[in-house]
Amino acid sequence: ASLRRSLENDEIVVYYQPILEIAGERIVGFEALVRWARQDGTVVRPDEFIPLAEEIGLINDIGKFVLNTSAAQTADWVDRFGLSFTAVNFSSRQFRNNNIAGEIFDALKNAHLQPCNFEMEITESVLMDNSIDSMNLLELLIKQGMGIAIDDFGTGYSSLSYITSFPISKIKIDKSFVAKIPDDKNALAVVNAIIGLAKSLNFKVVAEGIETTEQLECLLKLGCQYGQGFLFSEPVLAIEATRLLESRTTRSATSDTSRQQGVE
Ligand code: C2E
Ligand code: MG
Ligand code: MG
């Protein structure tokens, strides 16, 4: 079936990838990543259908679906596991929708989710494209306690003036740099500089695309606080993400018990 009918056919699915505190490997949040699960069994990645969705005017409906689905799911995880947040990606095109703030607040209200348990991921291009309007929108969202993350940091225009003038709370180091550490000295220098920049500007910092323990140890040494990547988990369905949260909770509950038994 076509992309146009994918929503009504329940073929649009939200996957979740855990974001961890690197020291301690505790899940703090998830990133919502959309997939088109076609009826023939193939799963299409967003890079392959988001541009088409934008072209045929379906992106706002898909975005709204991701927003509502992930907000409801996150409210459950916050209640049951004390999860901090889920982050949702927004493209430049979605940002130009005048009612985007209304849609976000409606989704949170319907899900009984606090703004502080929700994060928006945008790329540097969103800030370049939209200026005054986006500045006002981001200010409104961040005032409500929502997180704003700059995605794929270092690959866009990398203008240092906007990251000091736009209200943001987090920087995500692009996975192309992470893939090259620790061996590539230039990539290492860039990652180190981004972490330092984030710290001095009081932003949180997340490394994307961590695939090896060498990368993980390197990031830990550089003082990067958060990370996500295949080393921990691929993006998974909500039911699997819930299992990840359960197993973490069970594991710590078990070690508490054994500690108590050890004392007795
Ligand atoms: P992104 O926001 O930078 O998301 C990270 C991408 O890296 C995801 O690809 C994720 O599956 C992948 N990834 C995670 N860990 C690793 C790793 O260890 N190694 C490697 N090589 N890759 C890793 P995905 O899911 O295909 O998404 C691609 C892009 O599509 C996203 O990049 C985001 O910009 C966009 N996207 C995803 N979901 C949505 C959505 O709901 N709305 C919009 N507008 N864009 C979305
Ligand atoms: Mg993202
Ligand atoms: Mg990214």
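Just follow the structure's listing: the first ligand is 1, and inside any ligand the first atom is 1.
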**Request:** Find all atoms of ligand 1 within a distance of less than 4.0 Å from any non-hydrogen atom belonging to Val66, and give their numbers and elements.
**Result:** 41 (O)

**Complete:** Quick note on ligand 1: atoms under 4.0 Å from a heavy atom of Asp47 include exactly 28 (C), 29 (C), 30 (O)

**Message:** If the cut-off is 4.0 Å to any non-hydrogen atom of Ser91, which atoms of ligand 1 fall inside it?
**Reply:** 44 (N)

**Asked** Can you check salt bridge (charged side-chain N to carboxylate O under 4.0 Å, His left out) on Glu240 and Arg243, steps first, answer last?
**Response** CA-CA 5 Å; Glu240 189 61 35; Arg243 263 188 230 125; 2.6 Å; yes

**Request:** Report, in ascending order of atom number, the atoms of ligand 1 lying under 4.0 Å from any heavy atom of Glu211.
**Result:** 17 (C), 18 (O), 19 (N), 20 (C), 21 (N)

**Prompt:** Out of the N/O/S atoms in Glu121, what is the name of the one closest to the Mg ion (ligand 2)?
**Reply:** OE1

**Prompt:** How about atom 19 (N) of ligand 1: does it have a protein heavy atom within less than 4.0 Å?
**Reply:** yes

**Asked** Considering only N, O or S atoms, which atom of Asp151 is nearest to the Mg ion (ligand 2)?
**Response** OD2

**N or O contact, Asn89 vs ligand 1, cut-off under 3.5 Å** = yes

**Prompt:** Going by an N to O cut-off under 4.0 Å, is there a salt bridge joining Arg5 and Glu8?
**Reply:** yes

**Message:** So, regarding Ile50 and ligand 1 (criterion: nitrogen or oxygen to nitrogen or oxygen, under 3.5 Å), is there a contact or not?
**Reply:** no

**Message:** Give me the nearest non-hydrogen protein atom to atom 13 (N) of ligand 1 as residue plus atom name, then the distance to 0.1 Å.
**Reply:** Phe230 CE2, 3.8 Å

**Asked** Less than 3.5 Å between some nitrogen or oxygen of Val34 and one of ligand 1, yes or no?
**Response** yes

**Request:** For the pair Glu121 and Lys170, find out whether any cationic side-chain nitrogen is under 4.0 Å from an anionic carboxylate oxygen.
**Result:** no

**Item:** Where ligand 1 meets Gln94 - atom numbers and elements under 4.0 angstrom, heavy-atom basis
**Value:** 43 (C), 44 (N)

**Fill in**
Between Asp152 atom OD1 and Glu208 atom OE1, the angle centred on the Mg ion (ligand 3) rounds (to 10°) to 100°

**Request:** Please report which non-hydrogen protein atom sits nearest to atom 31 (C) of ligand 1, along with the residue it belongs to and the distance in Å to one decimal place.
**Result:** Leu33 CD2, 4.3 Å

**Prompt:** With atoms numbered from 1 as shown, which atoms in ligand 1 lie under 4.0 angstrom from a non-hydrogen atom of Pro235?
**Reply:** 11 (O)

**Message:** Among all the protein's non-hydrogen atoms, which is closest to atom 1 (P) of ligand 1, and how far away is it?
**Reply:** Asp151 OD2, 3.6 Å

**Complete:** The atoms of ligand 1 lying under 4.0 Å from a heavy atom of Gln17, numbered in the order shown, are 14 (C), 15 (N)

**Prompt:** At the Mg ion (ligand 2), what is the angle formed between atom OE2 of Glu31 and atom OD1 of Asn89, rounded to the nearest 10°?
**Reply:** 90°

